[in-house]
Amino acid sequence: MSSSEASVSGALFILSGPSGSGKTTLIRRLLDEGELESVSFSVSHTTRRPRVGEKHGRDYHFVSDSEFDGMIAEDRFLEWARVHDHLYGTSLDEVLPKLASGTDVLLDIDVQGAQKVLETDEDRFGEAVFGVFVLPPGYLELKSRLERRNLDAPDVIARRLDVARAEIQRFQNYDYVIINANADRASRVLASIILEKRHDKARIRGQVAAVLASFPEPESALEDGPTDT
């Protein structure tokens, strides 16, 4: 691992959850509201076809199987996995430059990819990587959401619901859990998680050092420490 890869100042927030849990909606609300500066969404690559309303470069980078395989061969992915018969991956070019500039990056990836990043990329990101698991309020609500999307055939929805139970059982691998019963409230919870991590003493150490450097040197040793007031 090169030193340049390890020198990041932004934080990586990994969002996972079953299909229909509302991860994409939470991310869009957070970005559209514009209350947080220096936060960006990492657009994943996928070999599946675009759904109605999806745009290349905004929702996903839609690529062919051969293009995806070429990126794997060139080691251009932070993580990649096969999910529901399609390939999904997070490009390093989508993540590392943003982190290096101090921007917090949001990833929407499945539990397979999340586990790889959370467990194996400590050298690259240090302690600046956090997992957020997004849950539906219950089985019936998740089933209803998948049906209302009108994107999948009944057998595909049934398969997604079967997979959802196994995915939810892995919530303990994450640092935070958001139960998405109300999108507005859940989006505010996500924003609060990001803000809390921005003020962690380990991450803000450089800013504290700059504040201390602005003070003149004490005139005597007696002034080095705190005094009673």
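Just so it is clear, the structure is predicted and the values come from calculations on it, not from any experiment.
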Please give me the minimum heavy-atom distance between [X] and [Y], naming the atom from each residue.
X      : Y      : value
Thr25  : Ala183 : CG2-CB, 4.2 Å
Gly22  : Asn180 : CA-ND2, 3.6 Å
Ser187 : Glu33  : OG-OE1, 4.3 Å
Leu135 : Ser21  : C-CB, 4.3 Å
Ser101 : Ser9   : C-OG, 4.1 Å
Val129 : Asp175 : O-OD2, 4.2 Å

Taking [atom1] in [X] as the centre, count heavy atoms belonging to other residues, nucleotides or ligands within less than 6.0 Å. Is the count above 12?
X      : atom1 : answer
Arg149 : CZ    : yes
Arg165 : CZ    : no
Arg205 : CZ    : no
Asn150 : CG    : no
Glu37  : CD    : no
Ile179 : CD1   : no
Arg58  : CZ    : yes

Got a salt bridge between Arg145 and Glu141, using NZ or NE/NH1/NH2 to carboxylate O under 4.0 Å?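 Yes, charged N to carboxylate O under 4.0 Å.
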For the atom pair CG (Leu190) and CG (Leu106), what is the distance rounded to the nearest 0.5 Å?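 Leu190 atom CG to Leu106 atom CG measures 6.0 Å (nearest 0.5 Å).
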Give, for atom CZ of Arg49 and atom OH of Tyr60, the distance between the pair rounded to the nearest 0.5 Å.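 Answer for the CZ-OH pair, Arg49 versus Tyr60, is 16.0 Å.
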Would you check, one step at a time, whether the test side chain to side chain contact (heavy atoms under 4.5 Å, CB included) holds for Asp85 with Val156? CA-CA 11 Å; Asp85 300 325; Val156 175; over 6 Å; no
Can you tell if the side chain of [X] reaches within under 4.5 Å of the side chain of [Y], non-hydrogen atoms only?
X      : Y      : result
Leu142 : Pro18  : yes
His61  : Glu94  : yes
Phe133 : Gln172 : no
Val177 : Val132 : no
Asp32  : Leu30  : no
Arg76  : Leu92  : no

Please evaluate residues Tyr174 and Val134 with respect to the criterion side chain to side chain contact (heavy atoms under 4.5 Å, CB included), reporting the C-alpha separation (whole Å), side-chain torsions for both, the decisive distance (0.1 Å), and the verdict. CA-CA 10 Å; Tyr174 294 74; Val134 181; over 6 Å; no
Would you mind telling me which of Arg48, His45, Gln112 makes a side-chain hydrogen bond (donor to acceptor under 3.5 Å, both in side chains) with Tyr88? Arg48
In this structure, which one of Arg160, Arg159, Lys143 forms a salt bridge (Lys or Arg N to Asp or Glu O under 4.0 Å) with Asp152?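 When Arg160, Arg159, Lys143 are each tested with Asp152, the salt bridge (Lys or Arg N to Asp or Glu O under 4.0 Å) holds only for Arg160.
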Intermediate values then yes/no, ring-ring contact (aromatic ring centres under 6.0 Å, His included), Phe130 and Phe13: CA-CA 5 Å; Phe130 309 101; Phe13 293 89; 5.4 Å; yes
What about the rings of Phe77 and Phe68, do their centers lie closer together than 6.0 Å? yes
Indicate yes or no for a side-chain donor-acceptor contact from Thr47 to the backbone of Leu87 under 3.5 Å, with no hydrogens or angles considered.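 Yes.
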Is there a chain of hydrophobic side chains (I, L, V, M, F, W, Y, each step under 4.5 Å between heavy atoms) that links Leu26 to Phe41?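 Cluster IDs for Leu26 and Phe41 match.
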